[in-house]
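Notes for the one structure printed next.
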Amino acid sequence: MSTPASDQLNKPMASSLSKPMRKPFRFPWLLAYAIGYLIFLYLPVLLLPLFSFNDGTIVAFPMKGFTLKWYAQLGEQDTLLQAMMNSLIVGAVTALVATSLGLFAARAYVRYRFKGRELSEGLVMLPLVIPGIIVASSMLVLFISLGLRPSLTTVILGHVFVALPFAVSIMKSAFDDFDQSLEEAAFDLGESVIGTFRRVTLPIVAPGIVASLLVTFTVSFDEFVLAFFLSGNQPTLPVYIWSQIRFPAKLPNTLALGSLLLLASVLLLLTAEYFRRRSTKST
Amino acid sequence: MTDQNIIEISGVEKRFGTFTAVKDLNLTLKEGEFFSLLGPSGCGKTTALRMIAGFQDHDAGTIRIAGQDMAHIPANKRPANMVFQSYAIFPHLNVGDNVAFGLRKLGLSKAEMKDRVAEALEMVELGGLQARKADELSGGQRQRVALARALVMRPKVLLLDEPLSALDKNLREAMQLEMRRLQQKLGITFVMVTHDQYEAMTMSDRIGVMFAGKLEQVDRPEVLYARPCNRRVASFIGGMNFLDARVTGDNGSTVDVNVQGFGPLTIDVNPNALSRSPDLLAGIRPEQLEIGAERPEGYDACLQGIVSDIAFYGESVHYYVRTDGMEDPVSVAVPNYFHTVDHKRGDQVWLGVQNASVIDLGAREA
């Protein structure tokens, strides 16, 4: 995965290789900055798994000893498992809906030149820059005035809204390198419009679809603000964790859970990136 | 080639917004004919092909294939198949599955399908490569797979959109001959779009030359070369010197003309010329001119000038000869075998021409 930070790290090193080797020593400010930046960014995140193995309830050094009991206790907490279930359902449905919508939208954006294309593309991408709190509160007002009670359904609707830009941009990159004459060739060989989509379009953009499913699932799974406003009495996992963080005794459990989520998210995103790269290479 | 008409196009027009891509297209193709649509890019030839294929509707006129009106018949129901410029090989399928793609809709048995795929691959000399993956094919092999994939459908008409433009020169020339042989063996009508005049001339029974959406001339390659209908067609096919001429006498099938630089000549009236006028445009092919240091004997007209440029083409040498009163130099092509006369830039030379070498291209302002 290529983060902005790793790009900053790579560029100066690559360019320094092309310069003459012998030159006076200068303090590598850029390198130091990049390393400092990475430490600042990731150290707190690494503390989370570290303290999840700590045999004590207080998050502070020195650590008391190694234990796995916080992990072991996770399985016994019914409300936690229920919240996890809610999150999985919301994530899966969100991923499916957002990716389906993104698939068709992206195909239209890449293939056709129509009036209002740029405007509609801009509007689809807008959720990336609107503050979540504004979306969340206005959606809550909207749903209640429509008579929709806060529930997993309203969370899904909100999450589709924020996940759609991700789905559209991933699917667009899958369609970008897709030669249009492939679809024409299939149609020309006697296949129907739907058959062409099924036998040619879908298999070719399949890696993009998998990447989009994984990314939109992760977006939904990690989302807090919308879920907090719209979930009512069916908390998703992040909402549940937030509610538990106020009780010091529960904190180590939360840390263990958080560590597992972190690991799962990283694995999911790495898989998604793998498929995204395959989709741009395949055509 | 039979006498049966396979494609009949009459009065076909295509507009994109205010731009007319194809104007009043009329064309009748015989069964088993190899026909090329030749023209510069943007002349509407690909649009014409895509209208035959069914990827584009026409705004006016009719297109018939094998007697059947094609209006409202989509591409997947037409008895025509297409070879795309990019070849459009399905990247997720191997060679065999690519070729079998269209057969799936025909309700054949597995064994029949296998036989037809094998036969089609044999035809394009890719026998036994069924399991080869799409991304392991060379450019020439991709072209062959695209050909096999279309031919396996046994279409009445095969449409080819710049089928050889992605190949390098040697491979392209070999494929030209091979495709021509294949077409004659199968007896299927081929309609090819190309911007390459040599490709069109070496492969086709007839060529249609298109400019700015209009089909200007349809003829056999030899006729197109010898009797082009106007300046545009003449300059697109082979090299041509254009000279102003004035008609001084009309003898029916021939006219007496006074050709700029050369003087009086008697030339055949070109039946293909689109317009007539006493102010004629005359054309002379560079290879039909004689060049020499002395005034050449036995020519109907001569002209004296100075060599301004020399271009070496390998098989021939082109001399550009300037004379008084002419804006452009006259180009002369001399075959490069036993070629002992070697003129240098600035040399005084004589050019000789025969009556039969001067082509009547119709009115000058055409």
Side-chain angles (χ1 to χ4, degrees), chain A residues 99 103 106-108 110-118 170-213 271-272 274-283, chain B residues 16-17 46 49-50 52-56 73-94 97-108 116-117 120 133-135 142 145-155 157-163 166:
Chain A
T99 300
L103 171 68
R107 186 176 179 281
V110 173
R111 279 279 191 285
Y112 306 116
R113 296 286 163 267
F114 51 90
K115 229 180 213 165
R117 179 176 63 93
E118 282 175 11
I170 291 172
M171 290 319 296
K172 263 180 71 182
S173 79
F175 274 109
D176 264 337
D177 301 321
F178 188 136
D179 179 6
Q180 187 176 350
S181 52
L182 288 169
E183 284 172 352
E184 286 183 346
F187 192 58
D188 183 65
L189 289 166
E191 194 46 89
S192 62
V193 174
I194 293 169
T196 297
F197 187 76
R198 192 174 54 79
R199 287 179 69 194
V200 173
T201 315
L202 269 185
I204 293 176
V205 298
I209 291 175
V210 174
S212 168
L213 284 174
T271 322
Y274 168 75
F275 278 105
R276 196 190 63 75
R277 287 190 186 185
R278 250 187 51 180
S279 80
T280 49
K281 244 190 308 188
S282 67
T283 43
Chain B
F16 295 109
T46 297
L49 193 78
R50 291 172 62 83
I52 300 174
F55 293 127
Q56 219 115 65
I73 296 186
N76 58 350
K77 301 271 191 294
R78 296 193 182 191
N81 286 107
M82 180 124 155
V83 173
F84 290 83
Q85 185 170 15
S86 64
Y87 306 143
I89 304 299
F90 303 126
H92 58 299
L93 300 177
N94 64 22
D97 290 339
N98 259 283
V99 176
F101 191 93
L103 295 179
R104 289 258 298 259
K105 283 270 150 181
L106 300 185
L108 304 174
R116 272 181 65 171
V117 169
K133 283 190 194 145
D135 58 4
R142 296 172 77 80
V145 172
L147 207 54
R149 189 177 66 184
L151 288 174
V152 80
M153 303 300 289
R154 298 184 182 155
V157 179
L158 185 72
L159 307 170
L160 304 116
D161 184 9
E162 303 264 6

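Both backbone and side-chain heavy atoms feed into the values below; hydrogens, waters and symmetry mates do not.
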Legend entry - Side-chain donor or acceptor of B/His92 paired with backbone N/O of A/Arg199 under 3.5 Å: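 At least one qualifying donor-acceptor pair exists.
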Inset, instruction - For the pair A/Asp188 (side chain) and B/Met82 (backbone), establish whether a donor and an acceptor sit closer than 3.5 Å, ignoring hydrogens and angles. - result: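 Yes; at least one donor-acceptor contact below 3.5 Å.
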Which atoms of [X] approach chain A - backbone, side chain, both or neither, heavy atom under 4.5 Å:
X	answer
B/Phe84	side chain
B/Ile89	backbone
B/Arg104	side chain
B/Ala80	backbone
B/Phe55	side chain
B/Asp135	neither
B/Met153	side chain

Legend entry - Nearest atoms (heavy-atom pairs only) where B/Ala88 meets A/Ala185: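 Closest pair (atom of B/Ala88, atom of A/Ala185, distance): CB-CB, 3.9 Å.
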Inset, instruction - Would you check if B/Pro74 and A/Val193 make a side-chain contact, meaning some heavy-atom pair closer than 4.5 Å? - result: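 Not touching, per the 4.5 Å side-chain cut-off.
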Inset, instruction - Would you mind reporting whether B/Phe101 and A/Glu191 have side-chain heavy atoms less than 4.5 Å apart? - result: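 Of all side-chain heavy-atom pairs linking B/Phe101 with A/Glu191, at least one is under 4.5 Å.
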Inset, instruction - Would you mind telling me which of A/Gly195, A/Pro203, A/Ala186, A/Ser192 has the largest number of heavy-atom pairs within less than 4.5 Å of chain B? - result: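 Heavy-atom pair counts peak at A/Ala186.
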Atom [atom1] of [X] and atom [atom2] of [Y]: how far apart are they, to the nearest 0.5 Å?
X	Y	atom1	atom2	answer
A/Glu184	B/Asn76	CD	CG	12.5 Å
B/Arg78	A/Phe187	CZ	CZ	9.5 Å
B/Lys105	A/Leu189	NZ	CG	12.0 Å

